[in-house]
Chemist: 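Questions regarding the structure given below will be posed in turn.
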Amino acid sequence: GWTISAATTGVGTSAGSFTDHTDLDTVAQIAPSGSVTYTISALVGTNVAGQILNHGTINGTQTPEVSHTLVSGQATGSVVSTSTDYVPNGTITYIITAENNTQGFALNVSIQDFLAGIMVTKADGTTGPAFSNWSISATTLGTSTTDGVFNNNTNLNTFVNIDPGGHVVFTIVAIVVNDAVGPIVNTGLINRVATEVNHTPRAALLSGSKISSTTSYAPGEQIVYTLTLSNAVGAGFANNVDVVDAIGNITTDLGGGRTGPAFSSWTISALTTGAGTTSGTYGNNMDLNTTVNIATGGSVTYTITATVATGAEGIITNNFTANGTTEGTTTHTRKTKEGLMSLTKTVNESQTKAGGAAGYHIVLVNDLGTTQSNIYIHDYTPIGFNYVEGSASLILPNGEAVPIECKINGAEWIFGPFDLAPDEKIDIMYVVKVSATASTGAYTDRAVAKINGVEVSDQGRATVNISA
């Protein structure tokens, strides 16, 4: 719209009739030496962008043309994010704002963000696209402001127009790939002016646990260890975590002043949760010593099934560490008398000489209240003590001695199998020959009952002193 006003000079001068918002088309009367001056105030339309030309006529003669050009608009803006770190498989939100704080239209403003080309270091050491997908939305301020053309999962590369005092705001929500571990750098451009936005991976938050199937053991039994290492939901990707359970280095008391490996064998299996979680490399009868990756909210669980060594009777302590931090410790002690049969071992000659002989006596009593079957007596003798062939006898309740077989397996001598009803006993006697080269000193040997390789009795010990 517009308004029209007039000012006159000279007696008798008149400006004619006219009305606001209509063309000025009138007949004026001008006295000698007088004048008429018309003032037109026009409000430029909000969507006008081209040149404005105007002229008038006086008695049919055109007045000089008046030209107006659009005041040039200038867009400025910013590229920001709602966060400074990220988690794999989480989202990063970018906000690109282009605004026009001038009085003119900002036309053909270039908005660019090449998300498909953003790369990131991955857990396996390679690089690849930082985002699996993304969405783009836009809001505008200004009746003629436009937001251009754009699509989800494609680069943002468009042109917009912005009204004076208006703006365009693009919101990009990008999902980070699930194995990202390096920094993510995004460069947004407004009229090719670049702004860099950086994100670093959020720190992992690990927690571990270790449990076992029992708190006590008998030699030959299996102990099942369950080791779990978890990464909290919302934490960063846990990359290159060192996991150690040095089970092969665990030693315990084997009796007779000896120590040795606590386990004769073991198996290891693993289960993982979370995309990108790995369990590393491991093998049966080897220490668990590997490097793993754990996704946010993921976990790795190892199951170690270990067979307790023959003769073990001391405390067995097992530690589980991650990156050098102890995540769990278990302690096992040998089973007490409860649940074991009574076994005693004595020697007839507590002192002899090198080249001499000694007679041993082993008694096993079934005091468990139920029949025990397939029992073997295992006798572990010192080096230099040799079984006298044919000397083993089973002493019956009436005192009769019945010859029995002794199976020789190195320093392990085995008698059996036997079946025992409740309160029945096995009474075995045999003779050993001491090597002529045996050194002086105390020699202790040990006997124990086993069923299917598992110790089911006390351990009986007897000591012989070799004198000069």
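The model shown is predicted, which means the values in this text are computed figures rather than measured ones. Both backbone and side-chain heavy atoms feed into the values below; hydrogens, waters and symmetry mates do not.
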Chemist: Got T93 and I172 here, is their nearest side-chain heavy-atom distance under 4.5 Å?
Modeler: no

Chemist: Are any of the side-chain nitrogens in E412 or K407 under 4.0 Å away from the carboxylate oxygens of its partner?
Modeler: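 Result for this pair is no, no salt bridge flagged.
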
Chemist: Ring centres under 6.0 Å, that's the criterion: do Y376 and F415 meet it?
Modeler: no

Chemist: Quick test of your reading of the model: are E221 and K450 salt-bridged, counting only N-O distances below 4.0 Å?
Modeler: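 No salt bridge links E221 with K450.
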
Chemist: Would you say the side chains of N152 and S135 form a donor-acceptor pair under 3.5 Å?
Modeler: no

Chemist: Any luck finding a side-chain donor-acceptor pair between T215 and H332 under 3.5 Å?
Modeler: no

Chemist: Quiz question: by atom type and distance under 3.5 Å, do the side chains of E424 and N366 form a donor-acceptor pair?
Modeler: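 E424 vs N366: no donor-acceptor pair found between side chains.
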
Chemist: Should D113 and N186 count as side-chain neighbours, where that means a heavy-atom distance under 4.5 Å?
Modeler: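 D113 vs N186: side chains touch.
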
Chemist: Once you round to the nearest 0.5 Å, how far does OG1 of T97 lie from CG of L141?
Modeler: 11.5 Å

Chemist: Any luck finding a side-chain donor-acceptor pair between H361 and D427 under 3.5 Å?
Modeler: yes

Chemist: Answer yes if the side chains of T303 and T226 hold a donor-acceptor pair under 3.5 Å, and no otherwise.
Modeler: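 No, because no side-chain N or O of T303 sits under 3.5 Å from a partner of the opposite role on T226.
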
Chemist: Working to the nearest 0.5 angstrom, can you tell me the gap between T307 OG1 and Y217 OH?
Modeler: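 So the OG1 of T307 and the OH of Y217 are separated by 13.5 Å.
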
Chemist: With a 4.5 Å heavy-atom cut-off, do I118 and V185 have their side chains touching?
Modeler: no

Chemist: Is K433 positioned over the aromatic face of Y387, cation under 6.0 angstrom from the ring centre and no more than 45 degrees off axis?
Modeler: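 No, cation not above the ring by the 6.0 Å, 45° rule.
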
Chemist: Using a distance-only test with no angle check, is there a side-chain donor-acceptor pair under 3.5 angstrom linking D242 and T291?
Modeler: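 There is such a pair (donor and acceptor under 3.5 Å, judged by atom type) between the side chains of D242 and T291.
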
Chemist: Any chance the side chains of T325 and E327 put a donor and an acceptor closer than 3.5 Å?
Modeler: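 No, no side-chain donor-acceptor pair sits under 3.5 Å.
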
Chemist: Taking salt bridge (Lys or Arg N to Asp or Glu O under 4.0 Å) as the cut-off, I'd like each qualifying pair that reaches into residues 288-310, sequence neighbours left out, listed once.
Modeler: none

Chemist: Test the K210-Y225 pair against the cation-pi criterion, namely NZ or CZ under 6.0 angstrom from the six-membered ring centroid and within 45° of the ring axis.
Modeler: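 Yes, a cation-pi geometry.
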
Chemist: Students often mix this up, so state it plainly: with edges at 30° and 60°, are the rings of H378 and Y380 parallel, tilted or perpendicular?
Modeler: parallel

Chemist: Quick one: do the T333 and S216 side chains pair a donor with an acceptor below 3.5 Å?
Modeler: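 No pair is found: no donor N or O on one side chain lies under 3.5 Å from an acceptor on the other.
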
Chemist: Of V243, D245, L229, L271, which is the lone residue that meets side chain to side chain contact (heavy atoms under 4.5 Å, CB included) with Y302?
Modeler: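 The side chain to side chain contact (heavy atoms under 4.5 Å, CB included) with Y302 is passed solely by V243 among V243, D245, L229, L271.
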
Chemist: Have a look at V160 and tell me which of V109, N108, T145 forms a side chain to side chain contact (heavy atoms under 4.5 Å, CB included) with it.
Modeler: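 Of the listed residues V109, N108, T145, the side chain to side chain contact (heavy atoms under 4.5 Å, CB included) partner of V160 is V109.
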
Chemist: Side chains of T140 and D147: is there a donor and an acceptor less than 3.5 Å apart?
Modeler: no

Chemist: CD1/I428 to NZ/K345 distance, rounded to the nearest 0.5 angstrom?
Modeler: 10.5 Å

Chemist: If you measure from NZ on K122 to CZ on F237, what distance do you get to the nearest 0.5 Å?
Modeler: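 Nearest 0.5 Å value for the NZ-CZ distance: 11.0 Å.
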
Chemist: Rounded to the nearest 0.5 Å, what's the gap from OG on S299 to CG on L206? Could you check?
Modeler: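 Rounded to the nearest 0.5 Å, the OG-CG separation comes to 11.0 Å.
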
